[in-house]
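Note: hydrogens, waters and symmetry copies are ignored here, and every other heavy atom, side chains too, is used.
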Amino acid sequence: MLESDVYKRMIESREKMSKSHKKIANYLIEHHETAPFLTASKLAKNVEVGEATVIRFAFFLNYKGYPDLQRHLQEALQRKMTSAEVLARTTDDENDTENVVSEVLSDDIQNLKETLNQVDPALFEKVVYEMIQAERIYIIAYRSASSIGGFLEFYLDLVLQNTEMIQQADGVSEHLLDISKNDLVIGLGFSRYTKRTVEALKYVKQRDAKTVVITDHLLSPLVPFGDYKIVATTEINSFIDSFAAPMSLASALITALTRSEHKKVEKRLRDLEGLWETFDVFYD
């Protein structure tokens, strides 16, 4: 593991490092199983340097920033951690809850910035076009990812009347039996990835359906089955994922689609308002 590129860079650059950078490198090497899961602020606290020093260290090693360095450290670990292991490695006896809200929201803001920088606007436009052209849209989302999938399904089906989310294990074959090349499948999956998501995407690719994958890394097992891949950063100092960025992407897809098809959507919403009023849906 320590023979990987990220650690080679540290070792080969050690002589050119400042005293603070050497402290960071030593900590990362000595704690190679836990350090990849620390936020920049937490790493800085553990090493007893400033957070800005940690960020400069990442640039010193020719990474695009700390999240980029962190991803390489995690890849070098080369094994999948259980939720319990991640929790143990991101929590210690001295942790308190006093600053959790600022820590988590700061991580979310950073994830949103990272995701914005890595989303290709041209690819995003192509995904919106495929959503508009599709006869049917199927969303594959299991476990925690179903929260984003359900959000997408609700609004897409509200305006398009052609969207369905696949999340029940027994229903996959029945729901996807009639899928064709005219349909679009949106697969959502984040570490730890479910086998069901990968298997369902593999099946729909065999049926020539177009596929969009929204995941957290280009090394995700979902990526090989996506005609279009959108990567959303989900890093957070916890055993859970931060879904701020993927949820924001879902909002962006819905908004872009409704703006492109605004005349149809406006008519649909006017008709729905009449229905909602008839059945007294909303509290006045």
With Asp120, which residues qualify under salt bridge (charged side-chain N to carboxylate O under 4.0 Å, His left out), at least two apart? none
Strictly by modelled atom types, are Thr197 and Thr194 linked by a side-chain donor-acceptor pair under 3.5 Å? yes
Determine the minimum heavy-atom distance between Ala200 and Ile140, stating which atoms define it. CB-CD1, 3.6 Å
Carefully, step by step, assess Tyr63 and Phe59 under the rule ring-ring contact (aromatic ring centres under 6.0 Å, His included). CA-CA 5 Å; Tyr63 290 104; Phe59 287 119; 9.9 Å; no
Side-chain (Thr215) to main-chain (Gly189) donor-acceptor, under 3.5 angstrom: yes
Partner residues of Glu261 under the salt bridge (charged side-chain N to carboxylate O under 4.0 Å, His left out) criterion, sequence neighbours left out: Lys264
Can you hop from Ile148 to Leu112 via hydrophobic side chains spaced under 4.5 Å? no
Can you give me every donor-acceptor pair (side chain of residues 49-58, partner residue at least two apart or in another chain, under 3.5 Å) with its distance?
unit_1, atom_1, unit_2, atom_2, d
Thr53, OG1, Arg56, NH2, 3.3

Picking from His31, Arg14, His21, what satisfies side-chain contact (heavy atoms from CB on, under 4.5 Å) with Asn26? Arg14
Has the side chain of Arg71 got a donor or acceptor atom that lies under 3.5 Å from a matching backbone atom of Tyr66? no
For the CG atom of Leu158 and the OG1 atom of Thr163, what is their distance to the nearest 0.5 Å? 10.0 Å
Is Leu116 linked to Leu105 within one hydrophobic cluster, defined over Ile, Leu, Val, Met, Phe, Trp and Tyr using a side-chain heavy-atom separation of less than 4.5 Å? no
Do Asp208 and Ser180 have side chains that approach each other closer than 4.5 Å (heavy atoms only, starting at C-beta)? no
With a 4.5 Å cut-off on side-chain heavy atoms, are Leu156 and Ile254 touching? yes
Spacing of Ile214 atom CD1 and Thr115 atom OG1 [to the nearest 0.5 Å]: 11.0 Å
Side chains of Glu114 and Gln118 only: does a donor on one sit below 3.5 Å from an acceptor on the other? no
Linking I/L/V/M/F/W/Y whenever any side-chain heavy atoms sit under 4.5 Å apart, do Val212 and Phe154 land together? yes
Across all chains, not counting sequence neighbours, the salt bridge (charged side-chain N to carboxylate O under 4.0 Å, His left out) partners of Asp280 are none
side-chain contact (heavy atoms from CB on, under 4.5 Å) between Tyr138 and Ile186, worked out: CA-CA 6 Å; Tyr138 295 91; Ile186 301 175; over 6 Å; no
Closest heavy-atom pair, Leu188 versus Ala145, reported as atoms and distance to 0.1 Å, is O-CB, 3.8 Å
So does Lys113 get a backbone contact from the side chain of Asn117, meaning a donor-acceptor N/O pair under 3.5 Å? yes
Could you tell me the separation between the CD atom of Glu153 and the CG atom of Leu160, rounded to the nearest 0.5 Å? 12.0 Å
Interatomic distance, CG@Leu257 vs OH@Tyr129, rounded to 0.5 Å, equals 13.0 Å
Sequence neighbours excluded, the answer for side-chain hydrogen bond (donor to acceptor under 3.5 Å, both in side chains) partners of Asn62 is none
Partner set under ring pair (Phe, Tyr, Trp, His ring centres under 6.0 Å) for Phe225, not counting sequence neighbours: none
Which heavy-atom pair separates Asn162 from Ala134 by the least distance, and what is that distance? ND2-O, 3.4 Å
Thr39-Ser41 side chain donor-acceptor pair, cut-off 3.5 Å: yes
Under a 4.5 Å side-chain heavy-atom rule over Ile, Leu, Val, Met, Phe, Trp and Tyr, are Ile132 and Leu269 clustered together? yes
Sorted by chain and residue number, the side-chain hydrogen bond (donor to acceptor under 3.5 Å, both in side chains) partners of Tyr228 (sequence neighbours excluded) come out as Glu130
Quick one: which of Met131, Lys210, Met165 gives a side-chain contact (heavy atoms from CB on, under 4.5 Å) with Ile137? Met131
Sub-3.5 Å donor-acceptor pair from the side chain of Ser220 to the main-chain atoms of Asp216, do we have one? no
Residues that Gln70 engages under side-chain hydrogen bond (donor to acceptor under 3.5 Å, both in side chains), provided they are two or more places apart: none
For residues 241-266, which residue pairs qualify under ring-ring contact (aromatic ring centres under 6.0 Å, His included), counting only residues two or more places apart or in two chains? Phe190-Phe243
How long is the straight-line distance from OG of Ser18 back to NZ of Lys23, given to the nearest 0.5 Å? 10.0 Å
Of the non-hydrogen atoms in Gly187 and Leu201, which two are nearest, and what is the gap between them? CA-CD2, 4.2 Å
Using the rule given for salt bridge (charged side-chain N to carboxylate O under 4.0 Å, His left out), can you reason through Asp227 versus Lys205, listing the C-alpha separation, both sets of side-chain angles and the distance that settles it, and then say yes or no? CA-CA 9 Å; Asp227 294 315; Lys205 282 302 296 174; 2.8 Å; yes
Closest non-hydrogen contact found for Tyr193 with Pro221 is CD1-CD, 3.3 Å
For Phe282, enumerate each residue passing the ring pair (Phe, Tyr, Trp, His ring centres under 6.0 Å) test, keeping only those at least two apart in sequence or located in another chain. Trp276
Return the set of residues passing salt bridge (charged side-chain N to carboxylate O under 4.0 Å, His left out) with Arg136 (not counting sequence neighbours), or none when no residue passes. Glu164
Are Ile29 and Val47 linked, directly or through other ILVMFWY residues, by side chains that come within less than 4.5 angstrom of each other? yes
Determine yes or no for a side-chain-to-main-chain donor-acceptor pair under 3.5 angstrom, with Thr255 supplying the side chain and Ser251 the backbone. yes
Side-chain heavy-atom pair Arg196, Arg143 within 4.5 angstrom cut-off: no
For Lys267, side-chain hydrogen bond (donor to acceptor under 3.5 Å, both in side chains) partners two or more places apart: Asp271
How many angstroms lie between CD1 in Ile166 and CD1 in Ile139, if you round to the nearest 0.5 Å? 9.5 Å
For Leu28 against Ala35, the heavy-atom pair lying closest together: CD2-CB, 3.6 Å
Could you verify whether a donor N or O on one side chain and an acceptor N or O on the other, from Gln110 and Glu235, lie under 3.5 Å apart? no
Side chains of Ser242 and Asp107: any donor to acceptor distance under 3.5 Å? no
Please report the C-alpha distance between Tyr27 and Asn46 in whole Å, then the side-chain angles of each, then the deciding distance to 0.1 Å, and finally whether the side chain to side chain donor-acceptor pair (under 3.5 Å) criterion is met. CA-CA 9 Å; Tyr27 185 92; Asn46 290 358; 3.0 Å; yes
